Amino acid sequence: MDLQEFRTGLDAWLDEHEPELAAGFGPEVSFDAEMAHLSKVKRMTFDAGWMRWGWPERVGGLGGSTLMRAYLGEALAARDMIEPGIYSMTEVLAPTMIGFARPELAAEMVPRLLRGDETWCQGFSEPSTGSNLGSLACRARRDGDAWRVSGQKVWTSLAQYAHRCVLLTRTGPPESGSRGITALFVDMDSPGITVRPIRALHGRDEFCEVFFDDVRVPDDRRLGEVDGGWAIAMDLLPYERSTSLWHRSAYLRQRLGHLLASAPEGALDPAELGEVVQMAFAFHARSRATQHRMARGERLGPETSIDKVLLATTEQAVFDLVAGAVPAAVALGGDADGDRWRTGFLYSRAATIYGGSAEIQRDIIARRLLDLGDGR
Ligand SMILES: Cc1cc2nc3c(=O)[nH]c(=O)nc-3n(C[C@H](O)[C@H](O)[C@H](O)COP(=O)(O)OP(=O)(O)OC[C@H]3O[C@@H](n4cnc5c(N)ncnc54)[C@H](O)[C@@H]3O)c2cc1C
């Protein structure tokens, strides 16, 4: 199937299934309900084939260009059928899993994620390790044909729903930095794991603290080499900073369209609006170019920090505009529409933090892309 056929076929199918796929919004829609809806959308699109296009056949996909799965995310976001944040985890985690897991493990697990039968989480950050990821301390020690993991992760999105975790552990000595890290694919129902949800600013328990107390993980769940986990992090972070954010562009343009249609007369300053629309299209153009690079098989790297900066800047500008145009909704919420403006505004504040903070992205751009050196 080519991309044009895919788009035409998918659009027709989505038209037909609109009532079943439409997401609910408003203060009465719980996060549990959002997660259940996401699983339903993934299951329906997988069973109808759409979710399988653009993924390799060896992991349950139907092959074809990755642009097909990009279009699926874009169409679902533009039609308000998914919440883009929770949808993005598949695009963050599955590509690296396919690249680094044993082929049999990837073949067994990835279809479960694509179909929405399972949720996965990403265990990178720790209480004293965020930007300085190479200093992480959650320890894994060798125990025969397994590892024993003890330590803590934090800000682990969706951990309370997750069946598996892509976990970075310290296997070298504490001072080994990025050279002593090993990545494991951990079953979240293993004895010794405790998950405590954390309430985020927008009122959802989106992320968690996760505690590991002597958790046994078989060595055949290792991703990549022993002490080679940094390569997994460096492979995964570019997806988290670029391709997984593509459908956020559709969401932001959808939100801007809705604001234009519903803002009170005279509430929008045309110059400010023009600037925000320009930013939204610049982010879209950059993100589109990155999708095409991935589709050509190019390896994504530090240049994806540009995508992340553009997304964060645009998302906050869109919701600053919203706050000026409908201030009561942003301050108080209210009905489904008002609640969505409010939660959207509050969540936009996290855009300069998740996936690596704005300062760290600018640092990567300065040092690695612009060769501005280290000040020595
Ligand atoms: C909504 C959300 C979801 C998340 N989901 C996950 C997840 O699923 N899994 C996961 O592992 N993590 C997750 N995170 C954590 C996220 O990756 C970290 O918060 C982020 O990397 C920043 O790390 P930190 O919070 O430890 O802040 P710190 O690293 O302590 O940074 C604090 C401040 O100092 C600045 N700073 C730090 N170092 C430098 C430097 N060298 N130069 C200039 N400025 C610097 C930072 O920019 C920031 O402003 C999530 C975060 C959010 C907000």
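Any value given below was found using the heavy atoms of this structure, including those in side chains, with hydrogens, waters and symmetry copies removed. It should be emphasised that the depicted structure is a prediction, and the values quoted were computed from it without experimental measurement. We count ligands from 1, going down the list as the structure has it; atoms in each ligand are counted the same way.
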- prompt: Do E126 and ligand 1 have an N or O pair less than 3.5 Å apart?
  reply: no

query: So which heavy atom in the protein is nearest atom 52 (C) of ligand 1, and how far is it from that ligand atom?
result: Y354 CB, 3.6 Å

query: For atom 23 (O) of ligand 1, what is the nearest protein heavy atom, given as residue, atom name and distance?
result: G130 CA, 3.3 Å

query: Quick one: is the NZ or CZ of K153 closer than 6.0 Å to the six-membered ring centre of F211, and within 45° of its axis?
result: no

task: Could you tell me which atoms of ligand 1, counted from 1 in the order shown, lie closer than 4.0 angstrom to a heavy atom of F124?
output: 11 (O)

statement: In ligand 1, the atoms that come under 4.0 Å of a heavy atom of S357 are 46 (C), 47 (O)

task: Would you mind listing which atoms of ligand 1 come within a distance below 4.0 Å of any non-hydrogen atom of Q122?
output: 7 (C), 8 (O), 9 (N), 10 (C), 11 (O)

task: May I ask you to establish whether R204 and F31 are in a cation-pi arrangement, using a distance under 6.0 Å from NZ or CZ to the six-membered ring centre and at most 45° from the ring axis?
output: no

query: When W120 is tested against each of M188, M97, M89 for side chain to side chain contact (heavy atoms under 4.5 Å, CB included), which residue passes?
result: M97

query: Is at least one protein non-hydrogen atom found at under 4.0 angstrom from atom 44 (N) of ligand 1?
result: yes

- prompt: Counting heavy atoms only, which of S157, P127, S128, G356 comes nearest to atom 3 (C) of ligand 1?
  reply: S157

message: Closer than 4.0 Å and a protein heavy atom, does any atom meet both conditions relative to atom 26 (O) of ligand 1?
response: yes

- prompt: Can you list the steps and then say if M51 with R115 is a side-chain contact (heavy atoms from CB on, under 4.5 Å)?
  reply: CA-CA 8 Å; M51 178 61 88; R115 189 170 183 269; over 6 Å; no

- request: Please examine the side chains of L21 and W13, heavy atoms only from C-beta on, and report whether any two atoms are closer than 4.5 Å.
  value: yes

- prompt: Considering all protein heavy atoms, does one lie under 4.0 Å from atom 33 (C) of ligand 1?
  reply: no

query: Do the non-hydrogen side-chain atoms of L252 and E315 ever get within less than 4.5 Å of each other?
result: yes

message: T129 versus ligand 1: do any nitrogen or oxygen atoms come within less than 3.5 Å of each other?
response: no

Enumerated ligand 1 atoms positioned under 4.0 Å from heavy atoms of F207: 1 (C), 2 (C), 3 (C), 52 (C)

Main-chain N/O of P84 paired with H247 side-chain donor or acceptor, under 3.5 Å: yes

Nearest-neighbour protein heavy atom for atom 40 (C) of ligand 1, which is reported as residue plus atom name and distance: I360 CD1, 3.7 Å

Atom 6 (C) of ligand 1: any protein heavy atom closer than 4.0 Å: yes

- request: Establish, for the pair R221 and F185, whether the NZ or CZ atom is under 6.0 angstrom from the six-membered ring centre and no further than 45 degrees off its axis.
  value: no

- request: May I ask you to check whether S131 has an N/O atom sitting below 3.5 Å from an N/O atom of ligand 1?
  value: yes

query: Do we get R349 above F345's six-membered ring, with its NZ or CZ under 6.0 Å from the centre and within 45° of the axis?
result: yes

message: Polar contacts were defined as any N/O atom of the residue lying under 3.5 Å from an N/O atom of the ligand; does this apply to W155 and ligand 1?
response: yes

message: Geometry only, no angles: is E359 polar-contacting ligand 1 at N/O separations under 3.5 Å?
response: yes

message: Please list the nearest protein heavy atom to atom 12 (N) of ligand 1 with its residue and the distance rounded to 0.1 Å.
response: S125 OG, 2.8 Å

Hydrophobic cluster identity match, I98 and L223, side-chain contacts under 4.5 Å: yes

- prompt: Which residue supplies the protein heavy atom nearest to atom 19 (O) of ligand 1, what is that atom called, and how far is it?
  reply: I353 CG2, 3.4 Å

field: NZ or CZ of R141 within 45° of W147 ring axis and under 6.0 Å
entry: no

- prompt: Do any N or O atoms from the side chain of T304 and from the backbone of L300 form a donor-acceptor pair under 3.5 angstrom?
  reply: no

